[in-house]
Amino acid sequence: MTPSNQERVWQVIHSIPSGKVCTYGHVALMAGLPRQARAVGKYLSQLPNDSKIPWHRVINAQGKLSFPVDSSRYDKQRAILQEEGIFFTNNKIKLSLYLWLGE
DNA sequence: CATTTGACTTGTG
DNA sequence: CCACAAGCCAAAT
């Protein structure tokens with residue numbers, strides 16, 4: 001059974017080390033799906049709440065979370081990331097410090 | 001099969 | 001730095 005794109009994306013996300021983050025575009029690229037950043041987002045949007053996938057390590061290319069700052073989802077993702085040692089500055093993450101581009 | 005949608009990205013002002 | 005537009009492309013409707 002050939003892995004679906006969704007499975008490839010999930011595998012890539014699983015490989016992101018704690019304390020690091022990756023953008024949608026890079027996740028897509030590493031999953032062998034260039035220019036499919038939006039598809040990655042769509043897959044994540046379909047994740048069940050009890051999923052074990054570290055979806056919180058995927059952020060957008062602006063170094064920000066893809067949720068409105070006042071949403072509960074935003075707060076949750078940010079809390080987890082901070083637990084993993086990621087430092088926020090004005091609702092933004094410094095990609096130069098935390099971006100993971102593979103091993 | 002045509003159209004809409006979306007947890008995106010990049011460029012422009 | 002913020003806002004908006006255009007580009008992009010798979011999945012859903």
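All values below come from the heavy atoms of this structure, side chains included, with hydrogens, waters and symmetry mates left out. Below, chains carry the letters A, B, ... as their sequence lines are ordered, and counting in each starts from 1.
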Spacing of A/Gln6 atom CD and A/Leu47 atom CG [to the nearest 0.5 Å]: 7.5 Å
Positions of residues 67-79 of chain A (non-hydrogen atom under 4.0 Å from DNA chain B), listed by number: A/Phe67
Outermost DNA chain B nucleotides near chain A [under 4.0 Å, heavy atoms]: B/dT5 to B/dT10
Pairs meeting criterion salt bridge (charged side-chain N to carboxylate O under 4.0 Å, His left out) with involvement of residues 35-47 of chain A, two or more places apart: none
A/Asn5 side chain near C/dC9 phosphate (N/O to OP1/OP2, under 4.0 Å): no
Test item: A/Cys22 and A/Val58 side chains (from C-beta on) under 4.5 Å apart, heavy atoms: no
Side chain A/Thr89, main chain A/Lys92, donor-acceptor under 3.5 Å: no
For nucleotides 1-3 of chain C, print each protein N/O atom paired with a nucleotide N/O atom at under 3.5 Å, atom names and distance only.
from, atom 1, to, atom 2, distance (Å)
C/dC1, OP2, A/Lys92, NZ, 3.2

Proximity to DNA chain B (any heavy atom under 4.0 Å), residues of residues 93-103 of chain A only: none
More than 12 heavy atoms of other groups within 6.0 Å of A/Gln82 CD: yes
Heavy-atom pair of closest approach, residues A/His14 and A/Pro54: ND1-CD, 3.6 Å
From OG (A/Ser45) to CH2 (A/Trp55), nearest 0.5 Å: 12.0 Å
Polar side-chain atom of A/Lys94 near backbone of A/Phe87 as donor-acceptor pair, under 3.5 Å: no
Heavy-atom check, side chain of A/Tyr24 versus side chain of A/Ser66, under 4.5 Å: yes
Residues touching DNA chain C, which here means a heavy atom under 4.0 Å, drawn from residues 31-44 of chain A: A/Arg35, A/Gln36, A/Arg38, A/Lys42, A/Tyr43
Between CD1 on residue A/Ile59 and CD1 on residue A/Ile86, distance to nearest 0.5 Å: 7.5 Å
Interatomic distance, A/Ile80 atom CD1 to A/Asp75 atom CG [nearest 0.5 angstrom]: 11.0 Å
Under 3.5 Å donor-acceptor, A/Glu84 side chain and A/Leu81 backbone: no
Nearest-0.5 Å distance, CH2 of residue A/Trp100 to OG of residue A/Ser15: 3.5 Å
Spatial distance of atom CG (A/Leu33) from atom OH (A/Tyr43) [nearest 0.5 Å]: 6.5 Å
Pairwise side-chain contact, A/Lys20 with A/Leu99, heavy-atom cut-off 4.5 Å (strictly under): no
